[in-house]
Amino acid sequence: MNSTTSSTGAPERPAFRFHPRLWIAAALLLALPAVAMQVTSEVNWGPEDFAVAGLMLLVLCAALEGAMNYLTALRWRVSAMTLAVLMFLTLWAHLAVGLFD
C-alpha cells in the first residue's frame, strides 16, 4: 500500500497546516492606518472603517488558508488564491473610491 492512501484506498488528506505569517501580515496591514492616523491628519478612519477592513482581511486570510490546505493541485491552488486576492482588491477599490458608481 502506498503511504499516500488510506486502508480504504482513498487518498489521505494532509493535516491542516496553520500559516501564522499570513495572519500576522494581515494584522500589520490593519495596523497601518492606525499608525498613520498618529502621524498625519490625512488618514481619518473611524471604528466602522477598521471593522470593515478587519472583516475583509479575515475573509481573505480564511480563503487563502482554505486554498493552501484543501486544494491539492497547484493550478487550482494558485487560481483560487489569485481569485481571492483579486476579489479583495476589487472590493477595497470600490469601498475606497466608489469604483462602480
Side-chain angles (χ1 to χ4, degrees):
M1 179 175 9
N2 193 350
S3 64
T4 60
T5 59
S6 65
S7 60
T8 61
E12 288 184 11
R13 180 179 299 268
F16 181 83
R17 184 167 172 250
F18 181 70
H19 299 88
R21 289 186 205 144
L22 174 68
W23 295 92
I24 291 170
L28 290 174
L29 190 60
L30 186 59
L32 279 177
V35 172
M37 286 173 53
Q38 304 302 317
V39 176
T40 181
S41 63
E42 293 184 20
V43 179
N44 187 15
W45 278 31
E48 65 280 353
D49 296 317
F50 283 102
V52 169
L55 180 64
M56 287 174 53
L57 286 169
L58 175 77
V59 171
L60 175 65
C61 289
L64 294 177
E65 284 278 359
M68 287 187 276
N69 283 300
Y70 297 116
L71 296 176
T72 55
L74 181 62
R75 137 180 64 187
W76 287 106
R77 187 179 301 168
V78 170
S79 297
M81 292 171 72
T82 302
L83 179 64
V85 169
L86 288 175
M87 289 176 60
F88 173 83
L89 291 175
T90 302
L91 181 60
W92 173 63
H94 175 64
L95 293 174
V97 296
L99 188 65
F100 300 114
D101 287 341

Shared hydrophobic cluster, Trp92 / Met87 (ILVMFWY, side-chain heavy atoms < 4.5 Å) =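 The answer is no; the residues belong to distinct hydrophobic clusters.
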task = Heavy atoms only: give me the nearest Leu30-Ala53 pair and the separation to one decimal.
result = CD1-CB, 3.6 Å
task = Looking only at non-hydrogen atoms, find the nearest pair between Leu64 and Val85 and report the distance.
result = CD2-CG2, 4.4 Å
List for me each residue that meets side chain to side chain contact (heavy atoms under 4.5 Å, CB included) alongside [X], sequence neighbours excluded, and say none if there are none.
{"X": "Thr90", "value": "Phe100"}
{"X": "Val43", "value": "Pro33, Ala36, Met37, Thr40, Trp45"}
{"X": "Ala63", "value": "Ala84"}
{"X": "Leu32", "value": "Leu29"}

message = Per the side-chain hydrogen bond (donor to acceptor under 3.5 Å, both in side chains) rule, what does the pair list look like for residues 18-34, sequence neighbours excluded?
response =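 Pairs touching residues 18-34 that pass the test: Arg17-His19, His19-Glu65, Trp23-Glu65.
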message = Counting only heavy atoms from other residues, nucleotides and ligands, does the tally under 6.0 Å from CD of Glu48 exceed 12?
response = yes
Residues 73-83, side-chain donor-acceptor partners within the protein, below 3.5 Å, at least two apart:
from	atom 1	to	atom 2	distance (Å)
Arg77	NE	Leu71	O	3.1
Arg77	NH2	Leu71	O	2.7
Ser79	OG	Arg75	O	2.7
Thr82	OG1	Val78	O	2.7

key: Fellow cluster residues of Val35, listed by chain then number, with links counted only when side-chain atoms sit under 4.5 Å apart   =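 None, because no other hydrophobic side chain comes under 4.5 Å of this residue.
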note = Apart from Leu28 itself, its cluster of hydrophobic side chains linked below 4.5 Å comprises Ile24
message = Show, in sequence, the C-alpha distance, side-chain angles and deciding distance for Val59 and Phe88, and conclude whether the side chain to side chain contact (heavy atoms under 4.5 Å, CB included) test is met.
response = CA-CA 9 Å; Val59 171; Phe88 173 83; over 6 Å; no
